[in-house]
A.B. asks: 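Input: one structure, supplied below.
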Protein chains: 2
Amino acid sequence: MQCKNRGRPPASPDDMLAAADRLFAQSELPGAVTMDAIALAASVGKGTLFRAFGSRDGLLDALWAARIAALRESAESNTPPFEPGAAPADRLVSFLDAILTFKIANRHLIRARELSGGLLQSPHYQWMHAEIKRCITDAANPADADYATYNAHALLSGLHIDLIDEMLMQGLPLETIRKLQTARARNVLHPR
Amino acid sequence: MQCKNRGRPPASPDDMLAAADRLFAQSELPGAVTMDAIALAASVGKGTLFRAFGSRDGLLDALWAARIAALRESAESNTPPFEPGAAPADRLVSFLDAILTFKIANRHLIRARELSGGLLQSPHYQWMHAEIKRCITDAANPADADYATYNAHALLSGLHIDLIDEMLMQGLPLETIRKLQTARARNVLHPR
DNA sequence: TTGCATTACGGACCGACGGTCCGTTAAGGG
DNA sequence: CCCTTAACGGACCGTCGGTCCGTAATGCAA
């Protein structure tokens with residue numbers, strides 16, 4: 001027999017995610033949002049929060065999954081420049097652009113996740129890495145597997161949110177970053 | 001009137017650093033070394049530890065400073081390939097190689113530092129960035145300031161210890177990483 | 001040598017945080 | 001209407017970085 005949760009105000013998992021989302025968006029420091037604060041904001045007991053998400057990382061993952069769905073959809077859609085027959089270079093550049101835009105839009109949440117470590121093993125990173133690696137392999141110039149693996153990592157490493165923030169703070173315009181990133185991507189596909 | 005600390009065994013700041021060093025070298029997880037553990041290992045009260053270094057980050061910085069001195073000396077020496085007249089490309093490649101070797105040798109400590117955040121603002125990062133940027137500017141192909149700034153960051157971002165560990169764990173041989181990094185550096189200096 | 005001012009020492013203590021546990025409350029079926 | 005069942009909330013716990021204070025050792029002066 002399930003609890004029905006019939007009353008209006010009582011909180012659902014989505015309400016908790018929404019509350020957490022709000023708090024992360026407001027907070028400047030990444031680690032400043034505590035589980036107690038989220039529970040309070042969601043008008044929910046701490047136990048309910050942990051029962052729903054298992055741990056802080058679990059909650060972060062749930063938030064992240066919701067955010068990343070759009071990125072993933074557009075990248076896996078068949079609309080240009082992601083359609084199957086598109087030139088690898090265009091796919092790669094568009095994909096990197098999309099990630100850059102996405103990271104900037106979600107910087108607070110991403111910061112909170114990055115300091116819980118182990119991101120390189122996460123399915124999301126592996127997905128991005130695989131996509132980029134495929135673009136490089138498809139272009140197939142001198143591209144052996146090691147070359148593709150290394151440069152996919154290297155391209156992604158330039159997208160760490162701390163680095164992006166730092167460059168923006170140093171006065172590099174976003175458009176310049178985007179342009180230089182694009183140049184770099186094309187250089188990976190057609191070196192020297 | 002200073003305390004003389006005449007007895008043999010009583011601990012000095014260097015002893016504390018040595019003890020911390022030992023613990024960090026042994027620990028697999030970066031955050032697993034607690035200040036209490038360091039105090040215990042150094043046969044010192046926790047208060048003495050904090051009085052000497054101010055905070056955990058302070059202690060990490062002190063350890064780091066000791067480690068990085070050698071790297072910095074060799075990079076600022078006038079011995080090849082770092083002598084003033086050397087080709088920028090050789091300087092850059094050697095510098096990146098040195099950093100790679102250094103990071104792998106000191107991985108445990110570096111991991112502990114990386115998760116305390118704000119590394120991009122640290123003097124050590126800024127020094128590395130400046131050195132690399134200078135190499136790029138010296139080569140002066142299309143190299144405007146933004147190009148040099150961006151690519152110096154980008155080259156360094158490929159040297160995050162987590163990324164290096166991940167690539168090694170995926171089976172990329174260190175020599176391959178070194179070779180691909182070199183190719184990338186040369187590509188930055190002479191794009192397309 | 002003795003007494004005193006000064007200072008460094010150690011570890012008990014504190015507040016914050018992630019995570020757990022259990023008494024309480026509400027749901028739903030007989 | 002009552003009794004079984006399960007979700008709920010928040011008191012509680014262990015850990016960790018950091019602080020504070022009683023104590024002991026030091027060096028100087030008489």
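Below, chains carry the letters A, B, ... as their sequence lines are ordered, and counting in each starts from 1. What you see is a predicted model, and the numbers here were worked out from it, not measured in a lab.
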A.B. asks: Can you tell me the distance, in whole Å, between the CD1 atom of B:Ile38 and the C1' atom of D:dG18?
C.D. replies: 14 Å

A.B. asks: Atom CG of B:Leu49 to atom C1' of C:dA8: distance rounded to whole Å?
C.D. replies: 14 Å

A.B. asks: For A:His108, check ring-ring contact (aromatic ring centres under 6.0 Å, His included) against everything at least two apart and list the hits.
C.D. replies: none

A.B. asks: Distances for protein N/O vs nucleotides 15-21 of chain C N/O pairs under 3.5 angstrom?
C.D. replies:
from, atom 1, to, atom 2, distance (Å)
C:dG18, OP1, A:Arg56, NH1, 3.0
C:dG18, OP2, A:Met35, N, 3.0
C:dG18, N7, A:Lys46, NZ, 3.3
C:dG19, OP2, A:Arg56, N, 2.8
C:dG19, N7, A:Lys46, NZ, 3.1
C:dG19, O6, A:Lys46, NZ, 2.4

A.B. asks: Could you state the CG-P distance from A:Asp15 to D:dC8, rounded to the nearest angstrom?
C.D. replies: 12 Å

A.B. asks: Only counting residues at least two apart or in another chain, list the ones meeting salt bridge (charged side-chain N to carboxylate O under 4.0 Å, His left out) with A:Asp14.
C.D. replies: none

A.B. asks: Check side-chain contact (heavy atoms from CB on, under 4.5 Å) between B:Leu119 and all other residues, then give those that pass, not counting sequence neighbours.
C.D. replies: B:Arg113, B:Glu114

A.B. asks: With sequence neighbours left out, write down each residue that passes ring-ring contact (aromatic ring centres under 6.0 Å, His included) with A:Phe102, or none if nothing qualifies.
C.D. replies: A:Trp64

A.B. asks: What residues, two or more places apart in sequence or in another chain, satisfy salt bridge (charged side-chain N to carboxylate O under 4.0 Å, His left out) together with A:Glu166?
C.D. replies: none

